[in-house]
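Scope of the values below: all heavy atoms of this structure, side chains included, with no hydrogens, waters or symmetry mates. All residue numbers in this chain count up from 1 along the given sequence.
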Amino acid sequence: MRHLACSIFIALLVSSFLAGCRKDKLDTDPNAKLTLSEDTIVFDTVFTTIGSATRHFLVHNTSHNSIKISSITLAGGSNSPFHLNIDGTPTSSISDVIIAGGDSMYIFVDVTIDPNNSNNPLMVEDSILFNTNGNQQKVILDAVGQDAYFHYYETLPCNDVWNNDKPHVIYGYAIVPSGCSLTINAGARVHVHGGGILAVDSAGTLLVQGAYNSPVTFQGDRLESEYANEPGQWRFIWLSGGSVNNVIDWAVIKNAETGIRSDTLGASSNPTLTLTNTKIFNCADYGCVGVAGSWIEGNNDLIGNCGAACFAVAYGGKCKMQYCTFGNNWTLDTRTTPALLLNNWYKYDDVTIIGRDLTMAQFDNCIIYGSLDNEMGLDSTTQAGHLFNYYFNHCQLKTNVNTSQTSHFNTDIINGFCFFHDVNNRDYHLDPGSAAIDHADPLVIVPFDLDNFLRPYNGTPDIGCYEQH
C-alpha cells in the first residue's frame, strides 16, 4: 500500500508539472472579437503645442483560451497627433500581442496638436485598428485643437492690449513692465500653465475690462472636464510692490493657488486695486489677499470655496468692500482659516513682531459665511500702537466674535440663516428664507447686482452680491 500511495503521488506530481508546462490553446476562430471598453475616445479642447491629459481604455479577452492580436495600429502612423502606449510600450504599431483567456490590457492615448494659425478650433480625428484572426475592430479618436497667443517667460510690450480673438496662454510668467499697462478686453480668455503668474511690475497697471455678458476669464490651461474645478492649477495674478490703479471689472478667476495677490508697499492716493463684478473661486489658498499696505476697494464680488481665506488683508493696509459675498464651503481637505481674515503684523524672526497699520477695513452689506463656526479672523497686535480699524455695516456674519462694540459693528445679522442655492456648484444666490434678504443699508448705493439686475429688486436691497428674485 505504501508503494502504491507513493506511485500515485508521483504520477499526480508529474501530471501537474506537465499541465503547467502546456501553453494555453490559442483561439483562432475568425468570429472571435475583443471587448473594448470604449468605442470612441474624445478629448476636450486642447491648446496647440500643449499635450492633453492621458486617456485610457481596456482591451479584454472574454474567451477561455488565449487570443493573438495580429496587429494594433494607429491609422495615422507616426505622423498622427495622437500617441499610444500599448502594454507599457510607446508605439504607433505593434504585432502579435497575446492576451490570455479572461485577461485584459490597457492602452493609453494622448494628443498634441500643431498650431493651425487660425482663430477657429480645429477638429482632428484618427483611429486605433485591431486585427484579430482576420477580424477588424477600431476605436475612434477625436480631439479639438485651439490655437492661441503663447507668452513664454515674457515681459510684455508696453501698453499691450489682449483681445478675445484667440486665448492667451501664459507659460512661466507674463510681466507688465514698469510704467506700462496691460488692457484685457471683454471676452478674453487667459489660461495659465501650472506654476505660472500674470505679474504687474512697479508703477505698472492691469486693466481688466470685462462685461456682464462677456467676462474676462482666468484659469489653468487644461481644458479637459476633469480639470474644470481643480484648485491650484496656476499661481496667481500678482500686483507687485508699487503697481498702481489696477482695475478688474467683470472677471472670472478660478482654480488658482491664490486668485489675486495685491502686494503693494507704500502709500498711494488711489486704490491699488479696484475689484468689481468679479467671481473668484476654487483657489487652493486665498481668493484675494492684500499684503503690506495694499489698498483694495470693491463691490459686487463673489469669492468662494477657497482652501484658506476668501478675502484677506495681511500685514496692514486698507480695504472697502460693498455688496460682496465671501462664502467658504471648501470640502477638499480640512480648512482652519476663516472666510475673512484681517491682520496688522508679521514675525520678522522667531521672536520679533513687526506691526503695520490696518488703517481701514470697511464692509458694507456683505455676507461672510461658510462651514466653520467662526468665519471672521480679527488678528491684531497692539504693539507700538499700530492701528487695527475695522467696521461692519449691515453685514451678515457667521462668527463667535464679540459684536457688541458699536464702533465696529452696525445693525449686522449675526449667525442668521443664509440659504444659498447650491454652494457645491458655487451658486451663492439667495434662496427664500435667507436672513440677508431686504436687510442691506439702502444708503449704500451700488445700482446693479452681480446678475446685472437693478438693486433693489423689491423694496430694501439684499445683503451680498445678488438680489433675490
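For the residue pair Asp449/Tyr466, the side-chain donor-acceptor check at 3.5 Å is not satisfied. In the model, Ser404 has a side-chain atom that pairs as donor or acceptor with a side-chain atom of Asn402 under 3.5 Å. Side-chain contact check for Trp345 and Asp379: at least one donor-acceptor pair (N or O, by modelled atom type) lies under 3.5 Å. For the 3.5 Å distance criterion, the side chains of Asn344 and His386 fail to qualify, holding no donor opposite an acceptor. Side-chain contact of Asp165 with Tyr149: a donor-acceptor pair under 3.5 Å is present, judged by distance alone. Under the 3.5 Å distance criterion, with hydrogens and angles disregarded, a donor-acceptor pair is assigned to the side chains of Ser80 and Asp126. Under 3.5 Å, the side chains of Arg222 and Asn255 contain no donor-acceptor pair of N or O atoms. Arg426 and Asn229 share a donor-acceptor pair across their side chains, judged by distance under 3.5 Å alone. Ser294 and Arg261 share no donor-acceptor pair across their side chains, judged by distance under 3.5 Å alone. In this model, no donor atom of one side chain and acceptor atom of the other lie less than 3.5 Å apart for Gln322 and Asn299. Using a 3.5 Å distance cut-off with no hydrogens or angles, the side chains of His394 and Asn365 do not pair a donor with an acceptor. Using modelled atom types and a 3.5 Å distance limit, the side chains of Ser104 and His60 yield a donor-acceptor pair. No side-chain donor-acceptor contact under 3.5 Å links Asn389 and His408. In this model, a donor atom of one side chain and an acceptor atom of the other lie less than 3.5 Å apart for Asn374 and Thr399.
Between His168 and His151, the ring-plane angle classifies as parallel under the 30° and 60° cut-offs. Between Phe392 and Phe409, the ring planes lie parallel to each other; the angle is under 30°, not in the 30° to 60° tilted range. Between Phe236 and Trp238, the two ring planes are perpendicular [angle over 60°; tilted spans 30° to 60°].
Residue pairs meeting the side-chain hydrogen bond (donor to acceptor under 3.5 Å, both in side chains) criterion with at least one member in residues 415-425, sequence neighbours excluded: His421-Asp431, Asp422-Asn425.
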### Message
Quick one, Phe420 with His429, criterion ring-ring contact (aromatic ring centres under 6.0 Å, His included). Give me CA distance, side-chain angles, the key distance, then yes/no.
### Response
CA-CA 6 Å; Phe420 295 121; His429 286 84; 9.9 Å; no

### side chain to side chain contact (heavy atoms under 4.5 Å, CB included) evaluation trace for Lys138 with Asp39
CA-CA 7 Å; Lys138 69 178 179 180; Asp39 59 14; over 6 Å; no

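For Tyr315, the OH atom sits in a loose shell: 12 or fewer heavy atoms of surrounding residues, nucleotides or ligands are nearer than 6.0 Å.
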Solution key, residues 175-185 side-chain donor-acceptor pairs under 3.5 Å, sequence neighbours excluded:
| from | atom 1 | to | atom 2 | distance (Å) |
| --- | --- | --- | --- | --- |
| Ser178 | OG | Ser202 | O | 2.6 |
| Ser181 | OG | Asn159 | OD1 | 3.1 |
| Asn185 | ND2 | Asn163 | OD1 | 2.8 |

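Legend: residues meeting side-chain hydrogen bond (donor to acceptor under 3.5 Å, both in side chains) with Asn79, ordered by chain and number and at least two apart, are absent.
Glu375 has a carboxylate O that lies under 4.0 Å from a charged side-chain N of Arg335, or vice versa, which qualifies the two as a salt bridge.
Between Leu378 and Phe388, the closest side-chain pair of non-hydrogen atoms falls below 4.5 Å.
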